[in-house]
Colleague: 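Below is a structure I'd like to ask you about.
Naming: A, B, ... by sequence-line order, numbering from 1 per chain.
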Amino acid sequence: MDGAAALPKVSVQREDFDLGAEQARLAGTSRDIGAIVSFTGLVREITGQGAIESMELEHWPGRTEKALAEIVAEAEARWPLNGVRAIHRYGRLAPGDRIVLVLTASRHRQAAFDAAAFLMDYLKIQAPFWKKETGPEGGRWVDARDADETAAARWRTASEG
Amino acid sequence: MDGAAALPKVSVQREDFDLGAEQARLAGTSRDIGAIVSFTGLVREITGQGAIESMELEHWPGRTEKALAEIVAEAEARWPLNGVRAIHRYGRLAPGDRIVLVLTASRHRQAAFDAAAFLMDYLKIQAPFWKKETGPEGGRWVDARDADETAAARWRTASEG
Amino acid sequence: MHVLYFAWMRERVGYATEEIDPGAARTARELVETLKTRSEGHAAAFEDLRAVRCAVDEEMGDLDMPIAGAREVAFFPPVTGG
Amino acid sequence: MHVLYFAWMRERVGYATEEIDPGAARTARELVETLKTRSEGHAAAFEDLRAVRCAVDEEMGDLDMPIAGAREVAFFPPVTGG
């Protein structure tokens, strides 16, 4: 894998990321990858409280990286992955900005799709990030969505039920 | 959308594609996209017939583009998409080369994930491409996989059953 | 009538397209019976019809599709793209 | 014992961390009862416990987690990343 093992699987950073470069790095010189799925999450302008001007992402330094690493390890235990990468930004973001990237590589497409969806579902409920939106009426902390609990629960049913 | 409507949704081409550039083009200046999913399919070296040297992708010019456009239109009818893009290569490819790219953009992640998986499942059984692998024992046409029919069938059950 | 062949069917027939008179053939399957007699290559291409798909005027379907009035019939193995 | 607050709990308390003596508190929930009395901000932060999650020495759990011997307890609202 030409040193691919040395690539970080998880990053929590203020800076933006480059999808093309990250995917190229993940694929490396492998000839055994048949499928790569990426998920990019972006800041939407229109939210529950109308048009926002910006968003501030708070996190728990140290614990966040650990949470992402745990979720990545769980995905690697569940699916045969040739590679996996998760990047989550924090700090001040504007509408249209990228927030999160998840990349999964596997021999076959179903494993890559499922692992990427799993990573996003678990990240949503387990990684210690909190969003505060700033709109015309000031700042407002985003409420957690019941739908995110439901989305994550389907993976528990699939593996334990 | 700053002319985004003029971007082609479907391309069948000999040339490689650039994931980062394609995703940037799809997102454009939108502030309404919350999720973008990409799927990249690659040529694997080890296949059913051992290590291959190259692969030749034949297609049906004209009809292929029509098939991809039909699948894209079906995805747009099923999910609320802000954008969708499908690129499929033909001609001679080597292990590690990219074959296909599917990109879906939506407000929420589930629609983007589902639409991308649907596009790939349908493309696999409906787009007129045929793969011929060349290995140590010569050329061999790749057999269609029953698993691809099964994968596509789940979308029929979900919508009609 | 224009007939197209793809992938290993094209290789077995020896060429990608030909013009033929469908005669009394009313379906793709009946057309196959005529085509099989044209050469050993044709016979080999149509040897196992379970592995043959077709399209009449670019409309995908099975071998029982009617071909009356069609300009073009295409024969090919199950697709393997993606 | 080190106590951490995040997001709107941090804002209501007025700061992100504090050192406290847990006294006789055996669980995070019992610790909350002590913390609530420290200021109006603390009381506001813990006003609706259904909206409060916690972690003891970085182990996520519910308010009934034991805190005996813990170096650190964190309180935060449900997470909203991704």
Colleague: With heavy-atom distances below 4.5 Å as the criterion, would you say the side chains of A:Ile33 and B:Arg44 are in contact?
Modeller: no

Colleague: Tell me, yes or no, whether the heavy-atom count around A:Glu15 atom CD, taken from other residues, nucleotides or ligands under 6.0 Å, exceeds 12.
Modeller: yes

Colleague: Donor-acceptor check, side chain of B:Arg31 to backbone of A:Pro95, threshold 3.5 angstrom: yes or no?
Modeller: yes

Colleague: Under 4.5 Å, heavy atom to heavy atom: which of residues 101-116 of chain B reach chain A? Give them by number, or say none.
Modeller: B:Arg107, B:His108, B:Arg109, B:Gln110, B:Phe113, B:Ala116

Colleague: Of all the residues in residues 117-128 of chain A, which have a heavy atom that comes within less than 4.5 Å of a heavy atom in chain B?
Modeller: A:Ala117, A:Met120, A:Asp121, A:Lys124

Colleague: If we define contacts as heavy-atom pairs under 4.5 Å, which of B:Asp97, B:Val100, B:Leu19, B:Ile99 has the most with chain A?
Modeller: B:Leu19

Colleague: Pick whichever of B:Gly20, B:Gly34, B:Ala35 has the most heavy-atom pairs under 4.5 Å with chain A.
Modeller: B:Gly34

Colleague: Hey, what do you get for CD1 (A:Ile46) to CG (B:Asp32), rounding to the nearest 0.5 Å?
Modeller: 7.5 Å

Colleague: Looking only at heavy atoms, which two atoms of B:Gln23 and A:Ser38 are closest? And how far apart?
Modeller: OE1-OG, 4.3 Å

